[in-house]
Amino acid sequence: MKLRSFSSRTLLILLPVTAFAIVLLLIGPRDGESPNNSENSASSDNSTAQYSLEGENSATWITGVETDAARYNPGQSVKLLIQIQNPTGKQQSGKIQVRWKHLDGQVGANQPLFVVLQPNEKRDYTVIWTPPADDYKGYMAEADFIQGEQIRDGITTAVDVSSDWSRFPRYGYLSEFPDMKTEAMQQVINRLNRYHLNGLQFYDWQWKHNEPIPTAGDIPHSRWNNVANQEVRFDTVKRYIEFAHNKNMMAMNYNLLYGSYANEEGSGVKPEWGLFEDREHTKQDFHPLPDSWASNIQLMNPANPDWQRYLFEQEKKVFGNLDFDGLHVDQLGDRGSRWDARGNQVDLAQAFGGFLTEARNQLGNRLVMNAVSGYGQQQIADSGATDFLYTEVWENQPTYADLKQILDSGSKLTNGLKNMVLAGYMNYRLADHQGQFNKAGILMTNSVIFALGGSHIELGDSGMLSKEYFPNKSLKMSADLEQDLQRYYDFIVAYENLLRDNVQEANVTLKSDSHPLSSSPAPKTIWYFAKEKENRQIVHLINLMNRDDILWRDDNGTAPYPKTQDAIKLEVPVHKLVKKVYMASPDQQHGRSQSLPFKQQDGRIEITVPSLYYWDMLVIES
């Protein structure tokens with residue numbers, strides 16, 4: 001793995017602790033670094049407050065933390081960069097203490113580094129850590145700045161040790177491939193790496209859907225225009241793939257399974273391969289695009305073996321010239337009744353499974369396929385060919401309850417063995433005009449998706465998705481939204497073994513004397529649901545107390561910020577002796593676990609949850 005180059009000043013090597021080796025490297029500020037003042041980036045709802053700030057020196061000391069990869073193979077070392085500043089006009093001394101945890105248990109010993117910071121000085125510290133050899137494990141790195149006995153500041157991030165991305169997919173995208181400087185491309189990938197995105201969809205990078213990469217003989221062109229007539233540079237696509245691989249991100253080549261430009265007979269596309277709207281095959285199905293674009297998309301019959309052979313040969317040319325890891329297969333949803341050129345009705349959903357099986361056989365690459373509004377999801381899952389399930393959710397499934405049904409059904413289709421990524425476009429109507437994303441709606445929807453074990457493709461080079469056309473930039477992310485989302489993605493990595501690791505639905509009825517509860521999403525309640533795994537019962541609380549609806553998309557950007565609920569008294573039925581109870585939340589203490597006292601009697605435990613903002617996760621261990 002390639003690492004960023006730093007100019008080292010001082011090297012301190014500490015002896016290994018058990019199986020873990022840690023090296024602390026003190027380095028100077030990076031080129032172009034500027035202070036990150038929390039007063040400028042703090043959220044208006046105070047949800048970005050630093051950990052345990054107390055006393056007269058309360059200020060932002062630790063300004064950021066990041067890892068050098070989105071995913072780590074077992075045995076691979078982790079390089080953790082901690083950014084710190086002295087926010088005072090006086091020399092300050094103290095120590096940075098890093099603690100590694102799996103769930104609520106510490107891994108190894110604390111590792112302190114004593115530091116002296118000159119007035120207003122900024123420095124970066126790098127910690128190198130070798131995790132245990134266990135595969136498919138999530139860890140949290142807790143970093144504190146301590147003076148005397150007082151924690152002045154603290155921050156966390158997370159590490160995913162997984163030999164394959166498909167176990168815990170966290171998907172992002174790239175959508176623009178013009179001539180770019182290396183520094184600009186690295187900046188994009190570094191930003192996405194901070195969210196631990198372990199796969200990137202290269203959206204509309206191709207020349208034509210039926211001929212993705214133009215060549216002269218065996219040599220690819222250096223540039224071409226995509227379907228939107230935007231320039232694409234071969235070297236930009238190639239280098240983006242390289243930079244993604246340097247971060248252990250998968251690079252996925254996007255294309256439709258049945259798309260062709262119009263009038264492509266000269267390229268070898270045969271009219272008799274088409275998909276038709278009538279039995280008499282007089283009108284070929286097509287997807288209209290703006291007049292300024294290169295072409296409408298004519299639809300081909302994905303079950304036609306000649307079309308399959310043609311398209312797979314084209315994709316082999318792609319994989320022969322670009323180091324993509326796999327193919328992201330798109331579709332356009334339920335087309336209604338359709339026929340082939342012989343007048344036979346085509347079962348499109350059924351054709352998906354056969355197409356994917358043949359694609360795996362012919363290409364030998366990884367596959368992901370979009371089930372638009374769930375269309376064809378059964379057949380996609382039954383094929384067993386895709387790395388995980390992927391669904392684009394639309395307005396016909398508008399509620400949090402629909403999101404739960406989608407994610408639950410996906411788990412059942414694969415017996416809990418494959419996770420799901422949702423494409424859901426937030427603030428969709430608001431994005432008809434220039435503006436800013438509504439953080440409240442986004443964090444609530446992500447809370448629901450993440451708590452249910454899913455992931456959300458939303459982050460990419462253009463910022464954040466609000467429309468199905470990925471390059472759309474109508475809405476901007478605020479600095480505090482980016483900061484909060486980093487914390488949310490840290491959370492789903494650190495606790496991936498409780499959220500997404502083949503956890504099973506649990507039928508649990510909670511009671512509360514202090515707050516209204518609901519086992520299904522309902523306004524003016526705390527929505528709860530439970531999962532279980534081995535000796536653990538995992539209870540999720542979602543704060544809908546300030547909501548008048550349960551609509552996930554927050555179309556117009558009007559979802560209100562939640563009101564913090566304090567001292568939530570819960571009765572939870574249990575059938576075994578409970579050893580401990582703890583909670584964690586991306587909204588509190590940067591996701592750190594917090595032990596909770598409990599009382600067990602008469603087949604239940606009584607717990608008081610100190611605080612709920614968007615989402616709390618309770619873990620009951622027997």
Side-chain angles (χ1 to χ4, degrees), residues 34 36-51 60 62-66 83 155-158 170-173 175 187-188 190-197 400 422-451 454-467 470-493 542-543 546-547 551-564 585-591 613-615:
S34 59
N36 181 8
N37 190 321
S38 65
E39 292 180 358
N40 295 330
S41 61
S43 169
S44 59
D45 60 333
N46 296 321
S47 65
T48 58
Q50 294 284 323
Y51 170 69
T60 297
I62 302 177
T63 60
V65 63
E66 61 188 70
Q83 302 154 352
I155 201 168
T156 65
T157 189
R170 299 176 298 277
Y171 214 7
Y173 67 91
S175 62
Q187 185 177 17
V188 168
N190 289 344
R191 172 180 169 267
L192 301 181
N193 179 69
R194 180 57 189 86
Y195 298 100
H196 315 287
L197 301 183
Y400 298 135
L422 301 185
Y425 310 117
M426 298 299 299
N427 300 166
Y428 193 82
R429 303 301 175 196
L430 184 65
D432 290 340
H433 307 282
Q434 299 293 315
Q436 184 169 284
F437 283 101
N438 177 30
K439 185 177 80 167
I442 289 165
L443 293 187
M444 183 61 77
T445 293
N446 276 347
S447 293
V448 172
I449 293 172
F450 295 165
S455 184
H456 189 189
I457 182 169
E458 56 183 340
L459 298 167
D461 59 342
S462 65
M464 173 177 263
L465 293 179
S466 58
K467 296 284 188 179
F470 285 16
N472 182 285
K473 299 178 183 178
S474 297
L475 302 182
K476 306 297 182 184
M477 298 175 68
S478 64
D480 57 299
L481 174 56
E482 291 210 37
Q483 188 177 44
D484 288 349
L485 281 175
Q486 288 173 6
R487 194 168 61 250
Y488 269 63
Y489 279 82
D490 288 341
F491 191 85
I492 66 168
V493 171
I542 305 293
N543 183 6
N546 201 37
R547 289 294 294 268
L551 303 176
W552 65 262
R553 204 160 68 163
D554 186 22
D555 265 334
N556 297 307
T558 56
Y561 284 105
K563 290 185 177 179
T564 301
S585 169
D587 308 312
Q588 300 180 41
Q589 297 188 13
H590 290 268
Y613 194 52
Y614 289 95
W615 165 33

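Keep in mind that the numbers below use all heavy atoms, side chains included, and drop hydrogens, waters and symmetry copies.
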So which atom in [X] and which in [Y] form the shortest heavy-atom distance, rounded to 0.1 Å?
X      : Y      : value
Ala559 : Gly441 : CB-CA, 3.9 Å
Met444 : Asn543 : CE-O, 3.0 Å
Gly591 : Phe491 : CA-CD1, 3.9 Å
Arg547 : Tyr400 : NH1-OH, 2.7 Å
Asn546 : Tyr561 : ND2-O, 2.9 Å

Indicate whether the side chain of [X] and that of [Y] have a donor and an acceptor atom separated by less than 3.5 Å.
X      : Y      : value
Asn446 : Glu458 : yes
Tyr173 : Ser462 : yes
Ser466 : Asn427 : no

TODO: Under the salt bridge (Lys or Arg N to Asp or Glu O under 4.0 Å) rule, collect the residues that match up with Lys563, sequence neighbours excluded.
DONE: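 Applying salt bridge (Lys or Arg N to Asp or Glu O under 4.0 Å) to Lys563 gives none.
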TODO: Take atom CD of Gln187 as the centre, draw a 6.0 Å sphere, and report whether it contains more than 12 heavy atoms from other residues, nucleotides or ligands.
DONE: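 Counting neighbours around CD of Gln187, 12 or fewer heavy atoms of other residues, nucleotides or ligands fall under 6.0 Å, so no.
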Decide yes or no for [X] and [Y]: does some side-chain heavy atom of the first lie under 4.5 Å from some side-chain heavy atom of the second?
X      : Y      : value
Tyr425 : Lys467 : no
Thr157 : Gln486 : no
Asp554 : Met426 : yes
Ile449 : Trp552 : no
Gln589 : Thr156 : no
Leu485 : Leu443 : yes
Met464 : Ile442 : yes
Trp615 : Pro586 : yes

Open item on the list: So, using side-chain contact (heavy atoms from CB on, under 4.5 Å) as the criterion, who are the partners of Asp555 when residues are at least two apart?
Closed with: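 So Asp555 forms a side-chain contact (heavy atoms from CB on, under 4.5 Å) with Tyr428, Arg429, Arg553.
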Can you tell me how far [atom2] of [Y] sits from [atom1] of [X], rounded to the nearest 0.5 angstrom?
X      : Y      : atom1 : atom2 : answer
Lys473 : Leu475 : NZ    : CG    : 13.0 Å
Gln83  : Thr63  : CD    : OG1   : 4.5 Å
Thr564 : Tyr614 : OG1   : OH    : 9.5 Å

Task: Test applied, side-chain contact (heavy atoms from CB on, under 4.5 Å); reference residue, Arg170; option that passes from Val493, Ile457, Leu459, Leu192 - done: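 Among Val493, Ile457, Leu459, Leu192, the one that satisfies the side-chain contact (heavy atoms from CB on, under 4.5 Å) with Arg170 is Val493.
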TODO: Classify the ring geometry between Phe450 and Tyr488 as parallel (under 30°), tilted (30 to 60°) or perpendicular (over 60°).
DONE: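 Ring orientation, 0 to 90° scale: tilted.
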Salt bridge check, [Y] against [X]: does any charged N sit closer than 4.0 Å to a carboxylate O?
X      : Y      : answer
Glu482 : Arg194 : no
Arg487 : Asp484 : yes
Asp461 : Arg191 : no

